[in-house]
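Side-chain atoms are counted along with the backbone in the values below, which use heavy atoms only and exclude waters and symmetry mates. Residue numbers count from 1 along this sequence.
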Amino acid sequence: MTFRPLHDRVLVRRVEAEEKTAGGIIIPETAKEKQQEGEVVSVGTGARNEAGEIHPLEVKAGDKILFGKWSGTEVKVAGEDLIIMKESDILGILG
């Protein structure tokens with residue numbers, strides 16, 4: 001199944017959190033925080049400005065991004081947990 005977000009929305013796969021700290025301590029599932037880092041899976045065509053022209057998105061599929069802690073809506077697409085968010089919720093692209 002393919003899924004393409006509409007307008008200025010982006011489909012993101014959250015990066016999995018580390019199981020251990022740098023010192024070797026194993027972090028239990030209940031103590032883990034949600035990662036704020038992800039990979040862009042798919043992007044929409046872009047937002048329309050007041051003149052009706054489409055403004056393309058700055059992110060593209062494959063980009064590693066950083067987003068806000070409470071950004072987006074969690075969805076399940078083809079059995080995989082993903083997040084749909086607006087491009088404005090993205091804080092930056094990781095190099």
Side-chain angles (χ1 to χ4, degrees):
M1 178 174 133
T2 59
F3 179 84
R4 187 177 56 85
L6 296 176
H7 310 295
D8 64 337
R9 288 184 172 71
V10 179
L11 187 65
V12 176
R13 178 181 300 118
R14 193 183 300 266
V15 174
E16 292 299 317
E18 292 292 324
E19 304 264 331
K20 290 184 183 180
T21 64
I25 298 171
I26 297 174
I27 302 170
E29 190 69 33
T30 56
K32 289 183 188 175
E33 287 191 22
K34 289 184 176 183
Q35 286 291 97
Q36 292 176 265
E37 189 176 321
E39 178 184 356
V40 176
V41 176
S42 181
V43 296
T45 55
R48 291 193 183 271
N49 61 17
E50 292 177 9
E53 301 164 341
I54 294 179
H55 180 258
L57 302 180
E58 291 188 36
V59 296
K60 61 186 178 308
D63 283 348
K64 303 283 185 198
I65 60 166
L66 194 63
F67 52 88
K69 193 171 220 167
W70 306 109
S71 299
T73 303
E74 294 182 2
V75 294
K76 190 171 277 222
V77 177
E80 185 176 8
D81 291 325
L82 301 170
I83 304 167
I84 297 176
M85 65 181 68
K86 288 191 167 226
E87 185 185 39
S88 60
D89 290 339
I90 297 173
L91 304 175
I93 301 172
L94 299 171

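With rounding to the nearest 0.5 Å, the separation of CZ in Arg13 from CD1 in Ile65 is 12.0 Å. Residue Ile90 holds its CD1 atom at 8.0 Å from CG of Leu57, rounded to the nearest 0.5 Å. A distance of 8.5 Å separates CZ of Arg14 from CD of Gln36, quoted to the nearest 0.5 Å. Note that the CG atom of Asp81 and the NZ atom of Lys76 stand 4.5 Å from one another [nearest 0.5 Å]. One distance of note links CD of Glu53 with CZ of Arg48; it measures 10.0 Å at 0.5 Å rounding.
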Would you please test Lys60 and Val43 for side chain to side chain contact (heavy atoms under 4.5 Å, CB included) and show each step?
CA-CA 6 Å; Lys60 61 186 178 308; Val43 296; 5.5 Å; no
Where do Glu87 and Val59 land on the side chain to side chain contact (heavy atoms under 4.5 Å, CB included) test, with the steps shown first?
CA-CA 8 Å; Glu87 185 185 39; Val59 296; 4.2 Å; yes
Derivation of the side chain to side chain contact (heavy atoms under 4.5 Å, CB included) call for Ile83 and Phe67
CA-CA 11 Å; Ile83 304 167; Phe67 52 88; 4.0 Å; yes
Could you check Lys86 against Asp89 for salt bridge (Lys or Arg N to Asp or Glu O under 4.0 Å), going step by step and ending with a plain yes or no?
CA-CA 5 Å; Lys86 288 191 167 226; Asp89 290 339; over 6 Å; no
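Of all heavy-atom pairs spanning Ile93 and Glu58, the tightest one is CD1-O, 4.3 Å. Across every non-hydrogen atom of Ile84 and Arg9, the tightest pair is CG2-CD, 3.9 Å. In plain terms, the two heavy atoms of Pro5 and Leu11 that are nearest each other are CG-N, 3.8 Å. Scanning both residues, Ser42 and Arg4, for their nearest heavy atoms gives OG-CA, 3.7 Å. Scanning both residues, Met85 and Val12, for their nearest heavy atoms gives CE-CG2, 4.2 Å. The shortest heavy-atom contact between Ala61 and Val41 is CB-O, 3.5 Å.
At distances below 3.5 Å, at least one donor-acceptor pair connects side-chain atoms of Asn49 with backbone N or O atoms of Ala51.
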